[in-house]
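So the structure is just underneath, and the comments pick up after that.
Protein chains get the first letters and strands the later ones, always in sequence-line order, with residue 1 at the start of each.
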Amino acid sequence: MPYKILYVEDNHDNQLIVKKALEARGYHFIWAQNGSFALSMARKEKPDLILLDINLPDVDGYEVARKIRKSRRKKLRYVPIIALTANALRGDAEKALAAGCDMYIAKPINIRELWSRVANFLPNTA
Amino acid sequence: MSYLNNLKCSECGKSYDPTLIQTYCLDCQAPLLAEYDIEAIRLSLDKDIIRQRPRGMWRWKELLPVLNHTNQIYLGEGDTPLLRLDRVGEEYGLKNLYTKDESQNPTGSFKARGLASAVSKAKELGIQKIIIPTAGNAGGAMAAYAARAGIEACIFMPRDTPLANIEESRIAGAQVILIDGLISEAAGMAGVKAREEGWFDVSTFKEPYRVEGKKVMGFELAETFGWKLPDVIIYPTGGGTGLVGMWKAFDELEKLGWLEDTSRPRMVSVQSDGCAPIVAAFEKKMPFCDYWIHAQTIAVGLRVPKSFADFMILRSLHESKGLAIAVSDTEILEAQRQLAIKEGIFAAPEGAATLAALDKLVKNKWLQPDERVVIFNTGTGLKYLNIPN
């Protein structure tokens, strides 16, 4: 079974770029367009890794990360989370790490870097 | 005339039309690099023709991206002096130590080169308003070139940017927005404004032409050294445009067959120990940098938590068999004093950092006494008078 990656992102263009990139490396891609949906999808789908945009229309990425880290389900509680942001506010990186994200990448995301960062957690299957 | 014939993604190699406005590769989100018809240049031009032209960056016009010379925005950039540093060299036991003194560019820094190129190309492409995030000197340079080009300018700067950078930008008519944060946050905010209001973003490597102006430093070094490149180049690294640009210049000169000796310099990237993402990635042999948390240094141009072109910087360092090294603010200030006392050069902190790095490289015996070593002074210390030392 390919690894499953949940991408939480409200921008459709970004979603398409990342979907194409991850599927090219054999990952199973699922997508949530806001924080609330991301939390329910995370519980239901049990992803192996979450790519988490910080600036979301409802619950922000920090809160999503904090709630995942408090999950009663062990697999979800320890799922790797990579925060992605356009870095438009001071301290985005620091706050993302403090909220429980494992790593921080600024947008625009270099796709080769994305592959490399994801593969550090999940060896690609392509 | 320019022999620009393609823009190529630095990662996937995809081609982009240089007659259209371009940013970075839309597929892999990596910088685009300009390519030239090297064969046509070789047939129509030789290095003596370039040598005989009036001084300045644009005498390399065939290898620059501006197609029509009427679009070249010129303020006197380029052909900065290569100065021997005999007194400092003697202290370190180096017989051939030089500085490329970029403080003598318009607006007092090497940023003039990249912005001359990018603003000129923006004018040629019909762009009417440009936006930039900056640690300081790039903003001042962009404001000046945009003013001369009749292009509207908007600049995002950290609130603690040196006063000279803020004032030189404002007096040139740029809209200056001071932010609570570093250049990385300025980049995010500038990106949002660009998308919402239609500004063209000239952030480092998010458009293809700043690096073209910067690469001319490499051409000038080759020419001044008689078409044999120096053994070592020690360069302060924030966004890394100059380092990547010089490496690109050496590639182009080699393809042209203009180098008498194709041996390449060992490239040394210098950062502050308060913000050293390239050094950390180099030491861990990583292809990309981690974002540097809590970046802080008096050398504000080095306060770049992560460059968009980090992988290109690291690739150049590895290919050149060079290295990356961090120095402290205390060492930078002492080096700045030494350059002024012994050589009469009031260097920017970023430039002084290269001498602080040289001190370590000599102590580590990484440099040999006969090697030709160039340290880059990227700007004038006069712009940093309000930074406490």
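Two residues are said to be in side-chain contact when any heavy atoms from C-beta on lie closer than 4.5 Å; B:Glu11 and A:Asn110 meet this criterion. Counting heavy atoms from C-beta on, the side chains of A:Arg117 and B:Phe288 come closer than 4.5 Å. Under the 4.5 Å side-chain criterion, counting only non-hydrogen atoms from C-beta, B:Cys12 is not in contact with A:Arg112. B:Tyr291 has its side chain out of reach of A:Ile105: every pair of non-hydrogen atoms, C-beta onward, lies at least 4.5 Å apart.
Neither the backbone nor the side chain of B:Cys9 comes within contact range of chain A, judged by heavy atoms closer than 4.5 Å. In this structure, no portion of A:Leu114 lies under 4.5 Å from any heavy atom of chain B. Heavy atoms closer than 4.5 Å to chain B are found in both the backbone and the side chain of A:Ala93. Of the atoms belonging to A:Ile109, heavy atoms from both backbone and side chain fall under 4.5 Å from chain B.
With rounding to the nearest 0.5 angstrom, the CG atom of A:Asn120 is 8.0 Å from the CE atom of B:Met286. Atom NZ of A:Lys107 sits about 13.5 Å away from atom CZ of B:Phe308, to the nearest 0.5 Å.
In terms of the side chain to side chain contact (heavy atoms under 4.5 Å, CB included) criterion, residue partners of A:Ala96 (sequence neighbours excluded) are, by chain and number, A:Ile54, A:Tyr62, A:Ala83, A:Cys101, A:Tyr104.
In this structure, A:Lys19 places its NZ atom where only 12 or fewer heavy-atom neighbours from other residues, nucleotides or ligands lie under 6.0 Å away. A:Arg72 CZ: 12 or fewer foreign heavy atoms inside a 6.0 Å radius. For A:Lys74, the NZ atom counts as loosely surrounded, since its 6.0 Å shell holds 12 or fewer non-hydrogen atoms of other residues, nucleotides or ligands. No more than 12 heavy atoms of other residues, nucleotides or ligands lie within 6.0 Å of CG in A:Asn55, so this atom counts as exposed by the packing criterion. Counting non-hydrogen atoms of neighbouring residues, nucleotides and ligands closer than 6.0 angstrom, the NZ atom of A:Lys4 exceeds 12 such neighbours.
Contact tally against chain B (heavy-atom pairs below 4.5 Å) for A:Pro108, A:Ala21, A:Ser116: the top residue is A:Pro108.
For the pair B:Glu185 and A:Gly91, the tightest heavy-atom approach, listed with the atom from each and the gap, is OE2-N, 3.1 Å.
Below 4.5 Å, heavy atoms of chain A meet heavy atoms from B:Tyr24, B:Leu26, B:Asp27, B:Cys28, B:Gln29, all part of residues 13-29 of chain B.
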